[in-house]
Amino acid sequence: MGKLVIVGTVAFDAIETPFGKTDKILGGAATFIGLAASHFDVDAAAISIVGGDFPQEYLDLLSDSNIDTSGIEIVKDGKTFFWSGKYHNDMNTRDTLVTELNTLEDFNPVVPESYKNAEVVMLGNLHPLVQTSVLDQMTKKPELVILDTMNFWMDCALDDLLNVIKRIDVITINDEEARQLTGEYSLVVAARKIHTMGPKYVVIKKGEHGALLFHNDNVFYAPALPLEEVFDPTGAGDTFAGGFAGYIAKTGDTSFENMKNAIIYGSTLASFCVEKFGTERMQNLTSKEIQKRLLQFKQLTQFEIELT
């Protein structure tokens, strides 16, 4: 069982979709990543910051999912990061209504001593300098460092982002971000260019159209499972990353072949996440349900063909 360090937001979300709306509910990248990774029986720690308004029951939920919360700083007189958004009818586009950084504005992550030798580090979507400071605290080079980022950091902290990208093994971004980062429209060309920046592996997420994995001249494509209903896409990308990181931490195998499996596990978990608002579906997910859906994925993607 490998150790996994997860860095990201633990937050409040308020979400509106064509299927309904919520008040403040549990959200944040580290939350979704952690809940997904917890299905792999790994020794995981979440590193984040919250305010005194953050309910103990949410911290207990993470602890009960075997996620070490000693790296979550609680600022008693502070307020927790809050994001509110409204999804359009196609569920692929959304408007951000409110972003309140609150305690996140002064976040200086502290990696717990017992996790400074972790084999896998998952850097959730945060300021690149925060991501860098976590890598600086590791006492040995992790076997795999995975980084998630977004176009916002490309707009306002590109130099810092490029510096941390030099130090990672896997980057997970969406197609629009891959194009912005490289200036290339072709995702194959974009991935090749990102390889030259540092990462050995490039994962390009395409939402309802699946994900691509690039390594040198090798490419693997995993479709997204067709779903009858998508209630809330919030956290799907983080759930994907958590499944990917959790599987790698459990197996200890960082080969391209094994990363294909990690992509499938990540996609499978993400397909559950979107079925309810927030973390609700991930909290009640059983291993039997996961195995059943993995079989669906297998049936969806496997075929035999006779070459003439």
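Bear in mind the structure is a predicted one, so any value in this text is a computation, not a measurement.
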With Trp153, which residues qualify under ring pair (Phe, Tyr, Trp, His ring centres under 6.0 Å), at least two apart?
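Trp153 satisfies ring pair (Phe, Tyr, Trp, His ring centres under 6.0 Å) with His127 only.
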Can you list every pair that meets salt bridge (charged side-chain N to carboxylate O under 4.0 Å, His left out) and has a residue in residues 267-285, with sequence neighbours left out?
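Applying salt bridge (charged side-chain N to carboxylate O under 4.0 Å, His left out) to every pair that reaches into residues 267-285, excluding sequence neighbours, yields Glu275-Arg281, Glu275-Arg293, Arg281-Glu289.
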Spacing of [atom1] belonging to [X] relative to [atom2] belonging to [Y], to within rounding of 0.5 Å:
X	Y	atom1	atom2	answer
Leu62	Ile6	CG	CD1	9.0 Å
Met91	Leu227	CE	CG	11.0 Å
Thr182	His195	OG1	NE2	12.0 Å

Salt-bridge present ([X], [Y]; N to O < 4.0 Å):
X	Y	result
Lys205	Asp148	yes
Lys3	Asp68	no
Asp95	Lys86	no

Can a side-chain donor-acceptor contact be found between Thr139 and Asn117 if the only test is distance below 3.5 angstrom?
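Asn117 vs Thr139: no donor-acceptor pair found between side chains.
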Residue pair Thr234 / Tyr87, side-chain donor-acceptor N/O under 3.5 Å:
yes
Show every ring-ring contact (aromatic ring centres under 6.0 Å, His included) that has at least one partner inside residues 93-112, sequence neighbours left out.
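Pairs touching residues 93-112 that pass the test: none.
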Reference residue Thr80; test side chain to side chain contact (heavy atoms under 4.5 Å, CB included); the match among Val75, Leu104, Val50
Val50
Parallel, tilted or perpendicular: which describes the rings of His215 and Tyr201, with under 30° parallel and over 60° perpendicular?
parallel
